[in-house]
Amino acid sequence: MVIDVKEKKRDTVTICFANNKGGSGKSTCCANIGYELSAAGKRTLLIDGDMQLNLSLSFFDEDKVLDLAQSGENLYHAICQKKDVRSYIIPTEYENLDLLPSSTLMSQVEYELFTMMQREYILKKCLQGVREEGCYDYILIDSPPTLGTWVINILCASDYVIVPVEASPWGFFGLANMFDFLNHMTEVTDARIMGVLITKVDERKNYYRQAKEILEEYQEIHVFDSFIHVDSAIEWAQDASKPVAAYKKTTRSATEFKKMTEEVMRYGSR
């Protein structure tokens, strides 16, 4: 990736999407908020930190994603070789939006990190060149549904954490553990919880109201005003390897992701 050296240096904000519960919508939120940031004129880098490759699949077809995953040009190789990630970043078809692809070998990253000195900070060091260069307004990182050394790496490389939570009977399972884990990480990372984003809301059921009531118990945790409904357009967009607003701008979820992105951009002025 070539950066115009004459371009004004940007103050980069790094946000990770984390929850130890699978199916909470981390990849979906990361992809669509990233797209909306780029559409608002913010230069954005997306980092696919999950072996499932869902963030990469949100922008490229399966063949392309598998080629990237099986090559030496992805996040896994950058981590294993402790390399600057800039040579592994690829542009998407959307202006202002780039991607650092993942690999199925990310399933082995915990083992690889175990043998490294200062293993909690490997990703932070690999991103140092990107941040110092100041070519992005935002870096968004998609995390796997675990709480191991790799997720600690992601937290140490981040300024903020967004926790997507599914409005379902099991959506809050383990959420207390997640918050407890984040609180214990304050010794190694300065990342702060930006807020909880409630996803997969179906207003025909009571789970959204119950979700709000449960989250009110965590008085120190901000809950975003925006939330994301269940919307078949999201699945159709994923099948087409597109953000939902690029697939069909008039859908309810496209409007909701745009409003959520506006909250993210306003966060610094809270």
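Below, all heavy atoms of this structure are taken into account, side chains as well, without hydrogens, waters or symmetry copies.
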Ignoring hydrogens and geometry, is there a side-chain-to-backbone donor-acceptor pair from [X] to [Y] under 3.5 Å?
X      : Y      : value
Ser158 : Ile154 : yes
Ser58  : Ser241 : no
Ser143 : Phe17  : yes

Closest approach of [X] and [Y], non-hydrogen atoms and distance?
X      : Y      : result
Ile47  : Leu75  : CG2-CD2, 3.8 Å
Met116 : Ile122 : SD-CG1, 3.8 Å
Glu133 : Lys9   : O-CG, 3.8 Å
Ser71  : Leu68  : OG-O, 2.8 Å

[X] [atom1] to [Y] [atom2] distance, which is reported to the nearest 0.5 Å:
X      : Y      : atom1 : atom2 : value
Asp142 : Leu99  : CG    : CG    : 10.5 Å
Glu62  : Asp67  : CD    : CG    : 10.5 Å
Glu120 : Leu155 : CD    : CG    : 11.5 Å
Glu110 : Thr149 : CD    : OG1   : 4.5 Å

Steps toward side-chain hydrogen bond (donor to acceptor under 3.5 Å, both in side chains) verdict (Asp231, Ser253): CA-CA 6 Å; Asp231 188 350; Ser253 55; 2.8 Å; yes

Can you find a pair of side-chain heavy atoms, one from Tyr160 and one from Thr14, that are under 4.5 Å apart? no

With a 4.5 Å limit on heavy-atom distance, are the side chains of Leu37 and Asp137 in contact?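 When only atoms from C-beta onward are counted, Asp137 and Leu37 do not touch, as no gap falls below 4.5 Å.
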
For Gln128, which of Arg131, Glu132, Lys125 qualifies under side-chain hydrogen bond (donor to acceptor under 3.5 Å, both in side chains)?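 With Gln128 as partner, Arg131, Glu132, Lys125 yield a single side-chain hydrogen bond (donor to acceptor under 3.5 Å, both in side chains), made by Glu132.
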
Knowing that exactly one of Cys30, Ser56, Pro101, Ser103 qualifies, which makes a side-chain contact (heavy atoms from CB on, under 4.5 Å) with Asp48?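 That would be Ser56; it is the only one of Cys30, Ser56, Pro101, Ser103 passing the side-chain contact (heavy atoms from CB on, under 4.5 Å) with Asp48.
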
Other ILVMFWY residues reachable from Trp236 by side-chain steps of under 4.5 Å: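 Under the 4.5 Å side-chain rule, Trp236 groups with Tyr247.
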
Apply the test side chain to side chain contact (heavy atoms under 4.5 Å, CB included) to residues Ile162 and Met260: give CA-CA distance (whole Å), side-chain angles for both, the deciding distance (0.1 Å), then the verdict. CA-CA 11 Å; Ile162 291 177; Met260 173 60 196; 4.2 Å; yes

Exceeds 12 heavy-atom contacts within 6.0 angstrom, atom CD of Glu95: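 No.
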
Which residue pairs satisfy the ring-ring contact (aromatic ring centres under 6.0 Å, His included) criterion with at least one member in residues 64-99, sequence neighbours excluded?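 Residue pairs with at least one partner in residues 64-99: Tyr35-Tyr94.
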
